[in-house]
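Side chains included, hydrogens not; waters and symmetry mates left out as well; all remaining heavy atoms used. Below, chain A is the first sequence line, B the second, and so on; all start at residue 1.
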Amino acid sequence: MIAMSDIYEKIMDLAKRRGFIWPTSECYGSVAGFIDYGPLGSMMKRNIENIWRKFYIVSEGYYEIECPTIGQEEIYVASGHVKGFSDKMCQCPHCREYLRADHIAEGNGIAGASAMKSEELASVIGTLPCPACEEVLGPVEVFSFNLMFHTTIGPGSQRTGYLRPETAQGIFTDFSRLLRFYRDRLPFGTVQIGKSYRNEISPRQGMIRLREFTQAEAEIFVHPDQKRHPRFHRYADYEMPLFSAEQQRAGASPLSMTMQEAVQRGVVANEYVAYYLALTHDLLVRIGISAERLRFRQHLPDELAHYAEDCWDAEVFSSRFGWVETVGIADRTDYDLRAHEQQSGERFAVFLPYETPQRMNRVRVVPNMGALGPRFRGSAKAIADAIGTSLPGPDGITLTIEGNEMLITPDLYEVREEVVEVPGEEVTPHVIEPSYGIDRMIYGVLEHSYHEEIVDDEERRVLRFPPAVAPIQVAVFPLMNRDGLPEIAMEITDALKNRGILAEYDDSGAIGRRYRRQDEVGTPFAITVDYDTREDRTVTVRDRDSMRQVRVDSARIPDLIRSLIDQTVSFAEL
RNA sequence: GCAUCGAUGGUCUAGUGGCAUGACUUAGGCCUUCCAAGCCUAUAGCCCGGGUUCAAUUCCCGGUCGAUGCACCA
């Protein structure tokens, strides 16, 4: 068994040695919070992203878009990141510790500190002790530290830009185009996979907290009153552990239940959220996260964003970091679209026609301009506008125009009752957002796939990746480096490549060493060409996990390996 | 960001104010008929900047990165 304390070191060491993860730009000294994906890491990342695409694009039908990683200031004013994504900080003049100014105030029982302006906060905390050195702070400067990377766009104008702190906003700002693309109907979804940036104050957990990271996000736009997922039946009976807010408060454990139950019992807000909880569980297990080390935790009321109706985190257990939030699934209501409506002045709504236009009685107050004009002259327009939105009393309408209260008598307007046909309504959709941290998923897969075992008194290190995740899918070896075996092995390698399979030929060193090399990078299958191959064209296929081998006709190899990778056939069945 | 500790080939490591150890890995070769065997050969290293010194990988100062604690953390 592996000592849990050093599994992280072992994994990162292997990842570094074998080309999965490297510290970035090492020749100049690395920078914390940034990593390079090496050859095998890039391949593995792409495989995971493509599995994600299979779930969201192929299966759900939510197309992918790609937006810039730099956005103009307005986007992030609207999203709240310019204001809300910064911390009010100060530095203790005595011990030079950087501190959260609002936390100092709140820690001393001062309410509403998070809403205060910097100057106000500074004067409040001046008399308080530093939590680090306990000296009274005295006059301090409170400054905002924004977690967004700041830049300027173009020369001269110095227009402010930010590196995006999440991919989601690109989807919101494209809402009108997307709505038209999806032909003006709800629900529809759009996804984006790409880099996001957060200038973390002190990123220290390896690839768990990065300053540049990859997100895969889906934004699903639904009718606010229709949160039943049209394909809910797919996951209705899917059972998994849910760590609800209630269970957390009670100090209890997660409860295992089906999605159907979860929605019926009100544990999960609606079918959409439940559906993506199950889909996420399905996906994470499929890429190699162990189900025993995966849970879904609901946000407690105090950590739930004020606009969110429900939010769950998929948490992956790491023996080093504990439960790591890896995916967030939230019902964000109409918050984002409303925010961009307000900032941009554009309307972000869907016009939904009724099945049959509805007849409605409407009372309209129509001002009599012929009488209003001569009587009120310059104020006539303002009065007419006010009349249009008023409810007349028996004696007329009382209005306050330019500070003067006045009575508008019934002869100055006409009340018309009319029947109008309303063809439909405008609806601002609600947004269901599953948001995945790809890098954290990769770390989770690495940690959960890593195994050490003793074979013939030798330690064997093996990454038990699912075949679809493994960077190298199959290795091909000639048993001996002569007698025509290499030629046959190279032919088989070519046949595999022609079938779109990532195959690696290797004839260096003893056969056992070659198997071990592939075990360590998680290659699921290895084909060996031996002397029998010359006689009957059969080769051995070796399974990484069981180390068992079967002999098969070499002509069948490309199709067989394809099926093994796609998991339509399992090795045990051979 | 603060405090403590650390940094020597790809990896692990010995050691030093004056030619820098060894093992593993990797590459080439010999051998070898299925799970890191053996033999020969080769490649490759003192985190960065400044200072002290005739001479610094070694001592001093500053920085970077990493670990730990504090603080911070969609």
Side-chain angles (χ1 to χ4, degrees), chain A residues 5-6 8-10 12-14 16-19 22-34 38 79-81 84-85 87-92 94-100 102-104 107 130-133 145 147-148 164-168 196-206 208-211 213 215 217 299 303 305 311 313 320 325-328 330 433 435 437 440 455-462 477-483 485 508-520 526-534 539-542 544 547-549 551:
Chain A
S5 55
D6 59 356
Y8 172 80
E9 268 90 11
K10 285 176 182 244
M12 293 317 282
D13 171 54
L14 188 156
K16 212 189 286 182
R17 252 185 316 113
R18 303 310 302 269
W22 290 329
T24 191
S25 59
E26 268 184 298
C27 67
Y28 293 109
S30 315
V31 187
F34 296 95
S79 70
H81 285 98
F85 212 54
D87 295 327
K88 294 271 192 295
M89 303 200 56
C90 65
Q91 189 178 25
C92 171
H94 315 290
C95 66
R96 303 184 58 218
E97 184 101 318
Y98 281 96
L99 305 155
R100 278 282 295 268
D102 50 338
H103 285 194
I104 300 173
C130 166
C133 68
F145 179 77
L147 259 32
M148 283 194 294
R164 64 181 178 195
E166 59 178 29
T167 56
S196 293
Y197 303 83
R198 293 178 192 176
N199 201 0
E200 300 285 353
I201 297 165
S202 172
R204 275 219 306 197
Q205 294 150 339
I208 297 296
R209 225 159 104 235
L210 294 169
R211 287 181 166 133
F213 55 100
Q215 284 187 307
E217 294 192 300
H299 278 206
E303 58 182 323
C311 184
D313 288 333
R320 175 56 162 267
E325 53 180 289
T326 302
V327 183
E433 179 192 77
S435 168
R440 290 180 174 188
V455 178
D456 297 333
D457 293 331
E458 258 328 314
E459 185 184 71
R460 182 171 96 112
R461 283 182 299 272
V462 50
F477 309 140
L479 182 61
M480 289 296 137
N481 200 1
R482 59 170 188 236
D483 303 325
L485 303 186
S508 134
I511 189 81
R513 177 186 298 280
R514 287 179 258 164
Y515 285 136
R516 290 293 185 277
R517 262 203 285 257
Q518 295 299 333
D519 288 340
E520 210 183 32
I527 292 160
T528 301
V529 171
D530 58 18
Y531 284 89
D532 289 351
T533 312
R534 295 201 307 182
V539 294
T540 61
V541 179
R542 181 242 195 203
R544 175 197 64 206
M547 294 171 62
R548 277 183 40 236
Q549 288 178 297
R551 277 205 96 80

Exercise. Using only heavy-atom distances, decide whether a donor-acceptor pair under 3.5 angstrom links the side-chain of A:Tyr515 to the base of B:rC34.
Key: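 Donor-acceptor pair under 3.5 Å: yes.
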
What I want to check is whether an N or O donor and acceptor connect the side chain of A:Arg542 with the base of B:rC35 at under 3.5 Å.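 Per atom types, the contact qualifies.
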
Would you mind classifying the nucleic acid contact of [X] as base, sugar-phosphate or nothing, using non-hydrogen atoms under 4.0 angstrom?
| X | value |
| --- | --- |
| A:Asp13 | sugar-phosphate |
| A:Arg461 | base |
| A:Glu26 | nothing |
| A:Arg209 | base |
| A:Glu200 | sugar-phosphate |
| A:Ser30 | sugar-phosphate |
| A:Glu325 | base |
| A:Arg534 | nothing |

Can you check the distance between [N] and [M], where both ends of the measurement are the [atom1] atom (answer in whole Å)?
| N | M | atom1 | answer |
| --- | --- | --- | --- |
| B:rC24 | B:rG9 | C1' | 12 Å |
| B:rA56 | B:rC48 | C1' | 15 Å |
| B:rG15 | B:rU25 | C1' | 22 Å |
| B:rU41 | B:rA23 | P | 12 Å |
| B:rA44 | B:rG10 | P | 11 Å |
| B:rC40 | B:rG66 | C1' | 39 Å |
| B:rG1 | B:rC59 | C1' | 29 Å |
| B:rU58 | B:rU21 | C1' | 15 Å |

Ignoring backbone atoms, test whether [X] places a side-chain nitrogen or oxygen under 4.0 Å from the OP1 or OP2 oxygen of [N].
| X | N | result |
| --- | --- | --- |
| A:Arg482 | B:rU32 | yes |
| A:Arg513 | B:rA37 | yes |
| A:Arg514 | B:rC34 | no |
| A:Arg517 | B:rU26 | yes |
| A:Arg320 | B:rU68 | yes |
| A:Ser508 | B:rU26 | no |

Across all strands, who's sitting opposite [N] as a Watson-Crick or G-U wobble pair, both distances under 3.5 Å?
| N | result |
| --- | --- |
| B:rG17 | none |
| B:rC12 | B:rG22 |
| B:rC72 | none |
| B:rC65 | B:rG6 |
| B:rU57 | none |
| B:rU43 | none |
| B:rG38 | B:rC30 |

Check whether any side-chain heavy atom of [X] lies under 4.5 Å from a side-chain heavy atom of [Y], and answer yes or no.
| X | Y | result |
| --- | --- | --- |
| A:Glu217 | A:Ser196 | no |
| A:Glu520 | A:Leu14 | yes |
| A:Arg211 | A:Asn199 | yes |
| A:Pro23 | A:Lys16 | yes |

| query | side chain to side chain contact (heavy atoms under 4.5 Å, CB included) between A:His81 and A:Glu166: does it pass, once the steps are laid out? | reply | CA-CA 10 Å; A:His81 285 98; A:Glu166 59 178 29; 3.7 Å; yes

Distance, rounded to the nearest Å, where [X] contributes [atom1] and [N] contributes [atom2]:
| X | N | atom1 | atom2 | value |
| --- | --- | --- | --- | --- |
| A:Asn199 | B:rC72 | CG | C1' | 13 Å |
| A:Leu14 | B:rC24 | CG | C1' | 15 Å |
| A:Glu459 | B:rC24 | CD | C1' | 13 Å |
| A:Arg17 | B:rG10 | CZ | P | 13 Å |
| A:Glu520 | B:rC24 | CD | C1' | 12 Å |
| A:Met12 | B:rC65 | CE | P | 16 Å |
| A:Met480 | B:rC35 | CE | P | 10 Å |
| A:Asn481 | B:rU33 | CG | P | 13 Å |

Applying the side-chain contact (heavy atoms from CB on, under 4.5 Å) test to A:Arg440, which of A:Leu210, A:Ile208, A:Val327 qualifies?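 By the side-chain contact (heavy atoms from CB on, under 4.5 Å) criterion, A:Arg440 pairs with just one of A:Leu210, A:Ile208, A:Val327: A:Ile208.
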
Q: Could you say whether A:Val327 or A:Glu458 is positioned toward the 5' end of RNA chain B, judged by the nucleotide with the nearest heavy atom to each?
A: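 Mapping each residue to its closest nucleotide by heavy atoms, the 5'-most match is A:Glu458.
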
Q: Using the closest heavy atom to pick a nucleotide of RNA chain B for each, name whichever of A:Val31 or A:Arg18 lands nearer the 5' end.
A: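 The residue whose closest nucleotide sits nearer the 5' end is A:Arg18.
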
Any salt bridge between A:Arg534 and A:Asp483, counting N to O under 4.0 Å?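 So A:Arg534 does not pair with A:Asp483 through a salt bridge.
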
A:Gln549 side chain: which of B:rC65, B:rC35, B:rG10 is closest?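 Side chain of A:Gln549 sits closest to B:rC35.
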
Between A:Gln215 and A:Thr167 (side chain of the first, backbone of the second, donor and acceptor by atom type, cut-off under 3.5 Å), is there such a pair?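 Yes.
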
| query | Can you check whether A:Arg460's main-chain N or O pairs, donor with acceptor, with A:Arg516's side chain at less than 3.5 Å? | reply |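 No, the answer is negative, given that no donor and acceptor are paired below the 3.5 Å cut-off.
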
